[in-house]
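FYI, side chains are in, hydrogens and waters are out, and symmetry mates aren't considered; it's all heavy atoms of this structure.
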Amino acid sequence: MEWIRLSVDSGLFVLIWLVQVIIYPSFLHVDREKLNYWHRLYTGKILYFVAPLMFIQTGVIALQLLFDPLIFLLDGLLLAMVWVNTFFIAIPIHNAIDREESIDANILKLLQVNRWRAWLWTVLFLLTVGRILIDLLG
């Protein structure tokens, strides 16, 4: 199961940092007349990559919590923070951008909010890598 977890965590780690460093900052440079179209296209398509990874990660961590709750409690808490950040903070900001409300301010807010998700997914990835290395070396 740890190899599935490593695959999913790796995918989310790479994806979230691409979003944080390249995709979201590029929104600030897209012509405002084209941004609305591009943003809707982006949010619709990125869902096909992020949603399956998030659901698989959630399932794997749920199973890990069932079998060893003490070891995977931190993972569960970090994942819960990712979900709260995503659905209660990031998605409403995306919706505000779609409604063309304070676009620049909301893009900057999105970058700040996403930074938290990036670090949370980074820690989840590092926890998985660390556990695999300990198993391999121990």
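Taking all atoms of both residues into account, the shortest heavy-atom contact from Leu47 to Pro52 is O-CD, 3.6 Å. The heavy-atom pair separating Arg117 from Asn114 by the smallest distance is NH2-OD1, 2.7 Å. Pairing each heavy atom of Ala90 with each of Leu110, the nearest pair is O-CD1, 4.0 Å. Across all their heavy atoms, Pro92 and Ile89 have their closest contact at CD-O, 3.3 Å. The two atoms that bring Val8 and Leu53 nearest to each other are CG1-O, 3.3 Å, heavy atoms only.
The CD1 atom of Ile97 sits 9.5 Å away from atom NZ of Lys109, with the distance rounded to the nearest 0.5 Å. Annotation: the span from Tyr24 atom OH to Ile22 atom CD1 amounts to 13.5 Å, rounded to 0.5 Å. The CG atom of Leu79 sits 4.0 Å away from the OG1 atom of Thr58 when rounded to the nearest 0.5 Å. Distance CD1/Ile46 to CG/Leu18: 8.5 Å, rounded to 0.5 Å. Note: Asp75 CG to Asp68 CG = 10.5 Å, rounded to the nearest 0.5 Å.
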Quiz item: Can Asn36 and Ile103 be said to form a side-chain contact (heavy atoms from CB on, under 4.5 Å), step by step?
Solution: CA-CA 10 Å; Asn36 190 266; Ile103 293 174; over 6 Å; no
Practice problem: Run the numbers on Asp9 and Val129 for side-chain contact (heavy atoms from CB on, under 4.5 Å), then give the verdict. | Solution: CA-CA 9 Å; Asp9 288 357; Val129 169; over 6 Å; no
Self-check item: Check against side-chain contact (heavy atoms from CB on, under 4.5 Å), Gln20 and Arg115
Solution: CA-CA 7 Å; Gln20 182 66 23; Arg115 188 176 303 120; 4.0 Å; yes
Quiz item: Should Trp83 and Phe55 be marked as a ring-ring contact (aromatic ring centres under 6.0 Å, His included) after you check the CA-CA gap, both sets of side-chain angles, and the distance that decides it?
Solution: CA-CA 10 Å; Trp83 279 82; Phe55 283 114; 5.4 Å; yes
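Heavy-atom neighbours of Met81 CE from other residues, nucleotides or ligands within 6.0 Å: at or below the threshold of 12. By the neighbour-count criterion of 12 heavy atoms within 6.0 Å, atom CH2 of Trp17 is densely surrounded, having more than that number from other residues, nucleotides or ligands.
Leu126 and Val14 fall within a single hydrophobic cluster, where Ile, Leu, Val, Met, Phe, Trp and Tyr side chains are chained together by heavy-atom contacts under 4.5 Å. Both Val21 and Val30 are part of a single hydrophobic cluster, where members link through side-chain heavy atoms under 4.5 Å apart. Note on Leu77 and Ile61: separate hydrophobic clusters, where clusters join Ile, Leu, Val, Met, Phe, Trp and Tyr whose side-chain heavy atoms are under 4.5 Å apart, directly or indirectly. Leu111 and Trp116 fall into different hydrophobic clusters, where Ile, Leu, Val, Met, Phe, Trp and Tyr side chains are chained together by heavy-atom contacts under 4.5 Å. Hydrophobic cluster membership differs between Phe72 and Ile134, with clusters built from Ile, Leu, Val, Met, Phe, Trp and Tyr side chains linked at under 4.5 angstrom.
Taking the six-membered ring for Trp, Phe27 and Tyr42 have ring centres closer than 6.0 Å. Remark: aromatic rings of Trp121 and Phe125 are distant, center separation not under 6.0 Å.
Side-chain contact between Ile71 and Arg131: present, with at least one pair of heavy atoms (C-beta onward) separated by less than 4.5 Å. For the pair Leu35/Ile107, a side-chain contact is recorded, criterion being any heavy-atom separation below 4.5 Å from C-beta on.
Partner of Leu78 under the side chain to side chain contact (heavy atoms under 4.5 Å, CB included) criterion, out of Leu124, Thr122, Leu73: Leu124 alone.
By the salt bridge (Lys or Arg N to Asp or Glu O under 4.0 Å) test, Arg99 pairs with Glu101, sequence neighbours left out.
There is no side-chain donor-acceptor pair under 3.5 Å between Gln57 and Arg5.
The stretch residues 25-35 participates, sequence neighbours left out, in these side chain to side chain donor-acceptor pair (under 3.5 Å) pairs: Arg32-Asp104.
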